[in-house]
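Protein chains get the first letters and strands the later ones, always in sequence-line order, with residue 1 at the start of each. The structure displayed is predicted, hence computed values, not measured ones.
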Amino acid sequence: MDEVDDQYTPGDVESAVETYWDDADAYEATKEAHADDPAFFFVDGPPYTSGQMHLGTAWNKTLKDAVIRHKRMTGHRVTDRPGYDMHGLPIEVKVEEELGFESKRDIEEYGMEAFIDECKRFAEENREAMDEDFQSIGVWMDWDDPYETISPEYMEAAWWAFQRVDERGLVEQGKRSVNYCPRCQTAIAANEVEYDEITSPSIYVKFPLREKEGSLVIWTTTPWTIPANTFVAVDGEMTYQAVRAEKGGEEEVLYVAEPCVEDVLKKGRYEDYEVVDEFSGEELVGWTYDNPLGPHLNEVADFEGAGEVYTADYVEADRTGLVHSAPGHGQEDFARGEELGLDVYVPVDGRGEFTADAGDYAGTFVRDANDDIIADLDESGALLASGEHDHRYGHCWRCDTDIIFLATDQWFITVTDIKDELLENIEETEWYPQWARDNRFRDFVSDAPDWNISRQRYWGIPLPIWQADDGEWIVVGTREELAERVDQDVDPDEIDLHRPSVDPLTITEDGKTYERVPDVFDVWIDSSVATWGTIDYPSETDAHDELWPADWIVEAHDQTRGWFWSQLGMGTAAVGQAPYEEVMMHGFVNDEDGRKMSKSLGNIVTPEEAIDRAGRDPLRAYLLSHDQQGVDLSFEWNGLGEMQSTLNIFWNVFRFPLPYMELDGYDPADADLDDGDLTVVDEWVLSRLQTVEAEAADAWENYEVSDALNAVLDFLTEDVSRFYVKAIRERMWEEEDSASKRGAYATLSTVLEETIRLLAPFTPYLAERMYQHLDGSATTVHALSYPEPDETLRNEELERNMAVLRDVEEAAANARQQGGRKLRWPVQRVVVASDDDEVADAVESLADLLAERVNARAIDVVGEFDELLERANPEMGVIGPAFGADAQKVMEAVQGKTRAEVESGIEVDGETYDLDDEMISYEAEPPAHISGADFEGGTVYVDTELTDEIEAEGYARDVIRRIQEMRKQLDLDVDSVIDTAVDVADDRIAEFVDRHRDVVAEETRTREFTTGDVGSEDEWALVEEWEVEDVRVTIGVGPVDA
RNA sequence: GGGCCAAUAGCUCAGUCAGGUUGAGCGCUCGGCUGAUAACCGGGAGGUCCGCGGUUCAAAUCCGCGUUGGCCCA
């Protein structure tokens, strides 16, 4: 890996470095180097093992990697165990698909154990692929030993935590109306429900009153919930009207909220109506009615309090103003039913099919019964109207089946009991960005309902709950405890905690037998204990005692509701505190239009493609150069290409001094700033380096990772490449050893070596490649320390002055361009006019450097440039009225005259006019041969007037340039010697070149320099004809044999 | 339907917390430099700072109402 390519080729750099890291055990050496440093407990948010790395996960892991590398370089022993989330419904669903299953019945037939083995195989295969993906972008984590949520130690961490929660009395069993996926046949968490637009039935139904004439009218989009109807809700404050409505010669009485009467009657196609009575909602309370499907059902909700009207705050003056309520199916209905002390009636089983209670509909999947129910309602005359309704409705995130609400037996962590504690614990954490905590997160936590943690599935951590017939339960916390308490023989070191092995175990205590609750944990429980699980607590305790809680975690903003929350909930419920101290939140990668990448839009860019096209370091730097705190990234190929170009500039800066140092036998690893003379540019660039190091340190401090990266990259392109390298080029070309050259070598070596370390966390391959070439005394650059500013090298005044010089230089280039004089040709003088003393002082202090850079014989600094000429500009608004028909001629005569000329009178057609002051305005302009350009602190004037001497030097420079070009074409070594002949077609110009023949010869390493006829082409290795300022110049070049 | 975030040059983004002449890179174009050379530098063109309203001497920035996109919730 020692040959330095002319071109920065990321692929070559990266594969060479990868091999080197493997051979040198660089990762291990890095950890070893920081083994005794203070701890930094990072916890990896475990990616789910059902997919592969995409740009979002690549960003996530790259950011983690950069921070870990930086923490190591600033002296920390970093916990870097990567993790994988390997349980859960998504994997079950994928395996079911592979095996062609349609329901839980297929799984039971296939065998639970075999199915779980398949899930495990699936998760592990994916995990291995993801291991490789993450390593392919240079992520240095402990890939030999990732934590897996399926390991016995990890599962035990969840059991242990859950036992703590139970001890605090925060575990509750109960019927709740939950989101239920009828295909997966399990409750799913609210955040596992996705919403989409669907079309549902929309029916208006008459519930006949028992003790009065007429019917209550309700509206619903779920006809299948009518068999479970338990009460009708009204708004106590609203006015309801009894309406006698007429259709087809028949009359009936309908009860509807007053604002809805007209709409309802129109829907029912009534021909006429009359309001016969009015009630407040309160007055309706207690009225009784019959379920209109009664004759079709074996059972209706007819227990104490059912079939009556109640108030509820979820009623609105929408549709009918009366709400059909079924606590067995609706969450609000459930909550209100509970308040009212009503039983929960559910004529639906776990497969989503009606039970025998539902009579005619028994055995039918609920939604499939909709049509029959509507038909039956219609037949009995209870259907007032029927149509369709488009609305957003939830479906299962994994299998897309529309969810139903079902009151089922579930287990909960009652986080609503510890709301205050949760909110207090949020205050203890620092978030980057802070608004994520104070707005998003706090809102979410405030609104969080009790956490349903039970799933009626297979591939997960089994609930460690054993329950007796009387409802009492025991929660087991560890494998050890399990072995001690269960009736069967269990080896705690051998047992696999997965189902079905734990299912048959029983506990007998105090004469009662407890059986295991067959559910598994919600998969969010798994990752919620990652801070314990990653250090194998409770089976190992040392690391936990030292490290816990986590110092820092980082994930994308979707995890506010996910991992950030689940960890806070579990940490607070189990041990009373948040398991992390600092949280960083990054964004998502969208496409270039800011749209989500998706298969259906066909706009997915894979990390592999990005690496193929640009490289790993460029991809990493590209991802890390954008805001890392809460904001999304619009991925764009051009941007990635730009980053590659930027790194290429770094590459060029890196390799630029190498040939010279090699010629001189200079070893950059031994660079010493005390050896050789430092010029003002050396001092300046070293000062800038310290400033950039301070900026980077500040940025890292606040996890402003992109600011740290961009500060260094800007320094490299703006200061080092654009300015410093240009400034020291001539010193590098000096053939003899010199103090000045050694100063430049030492400075550039220092800048490179420290910049490499500054960039190491971002572009680890490139940094390693450069470090190994320049120095290589350490096994790896990543084991070194991060550069810190040395205040003795910092000179803020010099930095300010140089900033002024650069402004002036830019303006001078502008003025030159206006004056048509290229930089290669010297100018007599450059005048800097400024009324700002600081600017003047800055320019004067750096006058020599400025003269060199703008190629001027002299630099003059003045307060005001007194050679300007004022040119007249006619004010036609005044001249027009004053001179009438002659105004046009006056204008032409005045235009561009000097003040003196105007004041001595303007002559038009032989007549002289005196003009008033207000007729003319003046603009100050430089005289001929001088062009000016403004900069922030004043104006720069460049005097481009030619003299023989300037012309002679200009042509000589042009000839030198051509000869150098030809040396390059001949691919000659930098130090090889040539013979040169130059034939200039114009005698005057030929003489100019001849004046500088010694300079030309020296600059081009020419031994024998001849002017005049070049002679036969055969005598030269290369003969070229050039046009220099319209003069033909023929040049012959031939290497001198050594 | 609700909460949060974003919208600035053709493109990607700074600037918004702390109100005071909108900036960079890329791209385009013209020019320059060059033994870093398939690199590099400068000039120019290019903006209703998403829209509307408000506060203020002054708004990209603060406030309100919308639009579009992203995340989350219902």
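- Nucleotide B/C17 is matched to nothing when pairs are restricted to Watson-Crick or G-U wobble geometry with both distances under 3.5 angstrom.
- Taking a cutoff of 4.0 Å between a charged side-chain nitrogen and a carboxylate oxygen, A/R806 and A/D719 qualify as a salt bridge.
- Counting any heavy atom pair closer than 4.0 Å across all strands shown, A/V725 reaches a base atom.
- Interface remark: the A/S721 side chain does form a donor-acceptor pair with the B/A36 base, using a distance-only criterion of under 3.5 Å.
- The residue A/R440 sits close to a base: some heavy atom pair falls under 4.0 Å.
- Searching all strands for a Watson-Crick or G-U wobble partner of B/G64 with both distances below 3.5 Å returns B/C52.
- Taking CD1 of A/I978 as the reference point, atom OG1 of A/T1004 lies at 4.5 Å (rounded to 0.5 Å).
- One atom, CG of A/D632, and another, P of B/G69, lie 14 Å apart when rounded to the nearest Å.
- A/R961 comes within 4.0 angstrom of a nucleotide base, judged by non-hydrogen atoms across all strands.
- Under the 30°/60° scheme for interplanar angles, the aromatic rings of A/F654 and A/W651 are found to be tilted.
- Among the atoms of the strands shown, only primed sugar atoms or phosphate atoms (P, OP1, OP2) are found under 4.0 Å from some heavy atom of A/S634.
- When both distances must be under 3.5 Å, the Watson-Crick or G-U wobble mate of B/G42 is B/C30.
- Ring centroids of A/W59 and A/H626 are separated by 6.0 Å or more, keeping the two rings apart.
- Residue contacts shown for A/E642 include a base, since a base heavy atom lies under 4.0 Å away.
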